[in-house]
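Read the numbers this way: they start at 1 and go in the same order the structure lists the ligands and their atoms.
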Amino acid sequence: MPKIVVLGAGINGISTALAIQESIPKCQVIKQRMNLSVCVSSYPDVQFQIFPVTVISDRFSPNTTSDVAAGLIEPYLCDDDVDRIIKWTRTTILRIQEYMAGGHPGAEEQSGYYLSSVKSIPKWLEVMKNVHILSEKEMKEVAKRPEHKFGFFYTTWYLEPTAYIKWETEQFLKNGGQFLQQKINKIDDVSKMGYDVIVNCTGLGSREMVGDKEVYPTRGQVLRVECPRVKHFLIDDEYYALLNENTITLGGTQDRNQWNTTINPILSQKIFEENCRNIPSLRSARILSAHVDLRPTRGTVRLEAEPNGKVIHNYGHGGSGITLHWGCAMECVNLVKKMMLEEKKNSKI
Ligand SMILES: Cc1cc2nc3c(=O)[nH]c(=O)nc-3n(C[C@H](O)[C@H](O)[C@H](O)COP(=O)(O)OP(=O)(O)OC[C@H]3O[C@@H](n4cnc5c(N)ncnc54)[C@H](O)[C@@H]3O)c2cc1C
Ligand SMILES: NC(=[NH2+])NCCC[C@@H](N)C(=O)O
């Protein structure tokens, strides 16, 4: 009976743990009514759970990097292979549409403008809806700055991480999942805890815990404001105003190798002013809060099983962890299944 543990409780940890439960039936509690025709009776609900899944983490939502995220579905600050990114994004979008169809909170389509000083059409635009490259005439109407030379309109989604992780956590617990609050100093310590499969989703924490110096912080500061008048998002080369259920997230900074998580009030003022220049209606906004966190940035997302080991890595999503989460979680499930099969074969020898 392999014991599976997921390290980390951000969007990638919780999603991967839930994906394992949903995709490997023996990893969730299955309630079955045993109807025996002979005595025309039925046993009380019988619970089967063969492989419990445990999540170990030092911090939980709403105190993870994931909770600070604006929830925009758009690949960003992730230099991975673009086709891999697009594949993961597509899988995530399907999951968001299922989540929305369930009427759950914190997810919706959002439409708006991407204005830039350079003419470039990102490949990931192919997964978006209602894409329209702005004509010169339309640019004249929409541009807010002389450097806004090129732009496009499209529809994407937002997925508010805190609301979504709350829902995922409820499903995970319903499936018999377990939580353990603990800081892991070295991943080898977990191997000694008797787990057979270890999935590492510790984001920037992997720099120390796994000793991976390729993962580094990109500091991001944002504001949450209330401004019901604003109905479209607007992203340009430096700033962004992104819709959420009842608020707007204004960003944004991307300072590589900056570890400082103290909010800089001067920067907050600049983020507000620059976004008001792009969307004048924001002048009437009510500023609710400011946030800073560190994007777990890496040349590529590390999503792989260690050779002949029991560790699977899923970290380093940069500014795209919400965007890529379900695609990466499902790829992890395939690696877990493969590892369990190997384990079964070896134990037969
Ligand atoms: C300002 C800002 C805005 C963003 N906006 C967006 C956006 O709009 N769209 C998007 O797709 N992405 C966005 N991102 C990026 C996104 O937030 C990250 O890519 C994502 O949160 C990474 O998720 P994760 O689960 O891998 O890591 P995290 O959320 O950092 O979770 C890591 C987990 O591991 C735990 N952990 C770490 N080390 C240890 C240890 N040693 N022992 C035990 N537990 C440990 C932590 O406690 C935490 O629970 C934004 C990021 C920032 C900073
Ligand atoms: N700037 C840009 N192209 N898009 C907005 C990025 C928002 C979010 N991923 C983040 O801040 O990481």
Self-check item: Partner residues of E238 under the side chain to side chain contact (heavy atoms under 4.5 Å, CB included) criterion, sequence neighbours left out
Solution: D236

Quiz item: If you look at every heavy atom in G8 and V55, which pair is closest and at what distance?
Solution: O-CG1, 3.6 Å

Between side-chain atoms of residues 203-217 and protein atoms elsewhere (two or more places apart, or another chain), which donor-acceptor pairs fall under 3.5 Å?
| from | atom 1 | to | atom 2 | distance (Å) |
| --- | --- | --- | --- | --- |
| S206 | OG | N200 | ND2 | 3.0 |
| S206 | OG | T202 | OG1 | 2.7 |
| R207 | NH1 | K213 | O | 3.1 |
| R207 | NH1 | V215 | O | 2.9 |
| E208 | OE2 | K213 | NZ | 3.3 |
| D212 | OD1 | E214 | N | 2.8 |
| D212 | OD2 | R298 | NE | 2.8 |
| D212 | OD2 | R298 | NH2 | 3.3 |
| D212 | OD2 | Y315 | OH | 2.6 |
| Y216 | OH | R256 | NH1 | 2.5 |

Exercise. Please confirm whether N314 comes within less than 3.5 Å of ligand 1 when only nitrogen or oxygen atoms on both sides are compared.
Key: no

Quiz item: Which parts of the protein, at residue level, reach under 4.0 Å of ligand 2 through a heavy atom?
Solution: L72, E74, Y76, Y114, I235, Y240, R295, G319

Quiz item: Are L7 and ligand 1 in contact, using a heavy-atom cut-off of under 4.0 Å?
Solution: no

Quiz prompt | All ring-ring contact (aromatic ring centres under 6.0 Å, His included) counterparts of H132, not counting sequence neighbours | solution = none

Quiz item: When only distance counts, is N12 in polar contact with ligand 1, meaning an N/O pair under 3.5 Å?
Solution: yes

Quiz item: Quick one: do the D67 and T64 side chains pair a donor with an acceptor below 3.5 Å?
Solution: yes

Self-check item: Any N or O of L72 closer than 3.5 Å to N or O of ligand 1
Solution: yes

Quiz item: Between A69 and ligand 1, is there a nitrogen or oxygen pair with a distance under 3.5 Å?
Solution: no

Quiz item: Taking distance alone, with no angle check, do T323 and ligand 1 share an N/O pair under 3.5 Å?
Solution: yes

